[in-house]
Amino acid sequence: MKILVIGSGGREHALVWKLAQSPHATQLWCAPGNAGIAQEVVGQASRLSGGSPVDRQDAWPTNRVECVNIGAEDLPGLLAFAQEKQADLTVVGPDNPLALGIVDLFQKHGLRIWGPNQKAAQFESSKVFSQRFMENYGIPTAAAGTFEDAATAKKFAASLGRCVVKADGLALGKGVLMCSNAVEAGRAVDEIMVGKAFGAAGARVVIQEFLEGVEISLHALCDGRTAKFFPTSQDHKRALDGDRGLNTGGMGTYSPTPFLTEEQLADAAKNILDPFMRGCAAEGIDYRGILYPGIMLTKQGPKVLEFNARFGDPETQVYLTRLENDLVELLEASVSGTLDRHELKWNPLASVCVVMASGGYPGSYPKGKAITGIEAVNALPDTKVFHAGTALKDGRIVTNGGRVLGVTALGKDLRAAQAAAYAAVECIQFEGAHFRRDIAAKALS
Ligand code: AMP
Ligand code: GLY
C-alpha cells in the first residue's frame, strides 16, 4: 500500500514510524514532514520491545519515507498529490485539515482517507457543538452555558464564580481563558466576543464551571459503529516544572497513568463512549478516526473538558511505542467499519516521552540551532527520538520549531521508563534547549 501522512510534528513522526513497520506499507510520503520523518525507512522493523511482530527487513527492498513540500492546510495541493501518486490511504495528523473538510474532499474524489469528516470533526472545531452534544446525550462534563451575546455570557459567568471562558472555534489552542472571579470573566468575555482576540471563533463562547482534579488524556479509535479505548495517558501542558508557566501544546507524556484504574476506564467507556456513539447515531454523525477526550478526574468521577478529533501530540509518541498491532490494519478497519474484528494489543511496558523545546517556547524562539546526540540516543535500547520542529540544513539537523524533539523510552515500569527517557535527554544538545524535569513525577510520588 502507498500511504500519505499529513502533518509535520512529533505525532506525525510517530505515525510514520509505526506505519513504516507494517508489511502492508510499500511506500510512504509525509506532507510536509520533518527531518526525522525523512530518515525513516519503509519495511524497517521496530528496535523497541513489543513492537510490530513482523520483521521483514529481508523480505523486500526497503525505501526511505519521502517528505513532500505541501502544507497540511493546502487541501488542493494534497488532493492533487494523492491523485497523481494514486495513494491507497491518506492519514491525517492535525486538526486543521480535518476542520477544513479534507476527508470529505478526498472521499468526493474517490480517495481513501483516515480521519473524521467535517461534520464529525466539529467535536473539536466547535466547543459550542461539543458542549450541547454532551448535555443532550448525558456525557459527564462541567456545568456550562453557551452564549452568543456578551451581556448574558457575563451574567452567567458571574453566577459561577471561578470559571473557564472558551472561544467557540479552533483558536490554535489559545482560546481558553481561566478566570478566578466575575471581573476576570467579564474581561475574558470582552476580549473574546468584543475584542475578537481569536477572530471569528469569538462569535460564540462556552463558559464552564472550573473543575478541580487531575487531568488525563483518553483516546478511542472509532469506525462509525465501534469505539475502543486505548490505555490511559497523561500530558503536561504547562511550560515549567510543577505545572507552572504558560500553556503549551504539551511538554511530555507517559502511559499508562495510575490515576485511572482499568476498572474506571471500563466505566468511562460506558459513561462516555457509549453515549457518544449513541449520540452520533442519533445525529447522523459518522465518526471514524480517533476521539480524544480531555478528562478531569473530579471527586464526582471523570468529566469531559473537551473533545479532540485526532491523535494527541505528544500522546501519540507514548501510545504507538506501546501498540503491538499493525497500525495500517487498525486504520484500515477504522475507515471500513470493521474494528469489531480487531483486539487492540498493548505491550505491558510503560512509556515516557520528554519534549525538548526551543528556548523561549511557547513564546518566540530562535530557529536553526544545530542538534547533536540524536543518533547516540537512537542506538540505546528501547529508546526513540521523535522529531517535531526539526529541519535539515547543510547536512545537519537543526531546530525549526517550538517543540523540537520527543525523547521517548520504554521501561518495565514507569520509574524505569522515566529514568531511561531522562538519560537519553542528557545525551542531546542544542543551544537554549528547554525541557521539564518532572514528566511522570506526580504519578511516581
Ligand atoms: P480545552 O482546550 O477546552 O481542553 O482547554 C485547555 C485546557 O484548559 C485543558 O487542558 C485544561 O487544563 C483547562 N480547562 C479547560 N476546561 C476546564 C475546566 N472546566 N476546568 C478546569 N480546567 C479546564
Ligand atoms: N497533547 C495535547 C494535544 O494534543 O492537544
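Note that ligands are numbered from 1 as they come in the structure, with each ligand's atoms numbered from 1 the same way.
Not one N or O on the side chain of Arg288 forms a donor-acceptor pair closer than 3.5 Å with the backbone of Ala333. In this structure a side-chain-to-backbone donor-acceptor pair under 3.5 Å is missing from Thr383 to Val377. With Asn34 contributing its side chain and His387 its backbone, the two residues share a donor-acceptor pair below 3.5 Å.
Atoms of ligand 1 lying under 4.0 Å from at least one heavy atom of Lys127, given by number and element, are 1 (P), 2 (O), 3 (O). Near Lys237, the atoms of ligand 1 lying under 4.0 angstrom from a non-hydrogen atom of the residue are 10 (O). For ligand 1 and Glu209, the ligand atoms under 4.0 Å from any heavy atom of the residue are 18 (C), 19 (N), 20 (N). Counting the atoms of ligand 1 from 1 in the order shown, those under 4.0 Å from a heavy atom of Gln208 are 16 (N), 17 (C), 18 (C), 19 (N).
For Lys196, the NZ atom is densely surrounded, since the number of other residues' heavy atoms within 6.0 Å is greater than 12.
Close N/O approach between Lys166 and ligand 1 is found [any backbone or side-chain N/O within under 3.5 Å]. Here's the thing with Leu211: one of its N/O atoms is less than 3.5 angstrom from an N/O atom of ligand 1.
In this structure, Trp346 has its ring center at least 6.0 angstrom away from the ring center of Phe229.
A salt bridge between Arg437 and Glu426 is present, with a side-chain N of the basic residue lying under 4.0 Å from a carboxylate O of the acidic one.
Between atom 18 (C) of ligand 1 and the options Ile295, Asp243, Leu177, Val164, the minimum heavy-atom separation is to Val164.
The part of Val176 lying near ligand 1 is the side chain, judged by heavy-atom distances below 4.0 Å. With a heavy-atom cut-off of 4.0 Å, Glu212 does not touch ligand 1 at all.
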Enumerate the pairs of nitrogen or oxygen atoms, one from ligand 2 and one from the protein, separated by less than 3.5 angstrom; state names and distance to 0.1 Å.
| from | atom 1 | to | atom 2 | distance (Å) |
| --- | --- | --- | --- | --- |
| ligand 2 | 1 (N) | Asp235 | OD2 | 2.8 |
| ligand 2 | 1 (N) | Gly249 | O | 3.4 |
| ligand 2 | 1 (N) | Asp313 | O | 3.0 |
| ligand 2 | 1 (N) | Glu315 | OE1 | 2.8 |
| ligand 2 | 1 (N) | Glu315 | OE2 | 3.3 |
| ligand 2 | 4 (O) | Arg310 | NH1 | 3.0 |
| ligand 2 | 4 (O) | Asp313 | N | 2.9 |
| ligand 2 | 5 (O) | Arg310 | NH2 | 2.9 |

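In this structure, Arg162 is positioned above the aromatic face of Phe210, its NZ or CZ under 6.0 Å from the six-membered ring centre and within 45° of the axis.
Heavy atoms only, all atoms of each residue included: Asp438 and Asp243 are closest at OD2-N, 4.5 Å.
Checking Gln131 against Thr146 by side-chain atom types alone, no donor-acceptor pair falls below 3.5 Å.
Pairs engaging residues 225-242 under the salt bridge (Lys or Arg N to Asp or Glu O under 4.0 Å) rule: Glu215-Lys237 [sequence neighbours left out].
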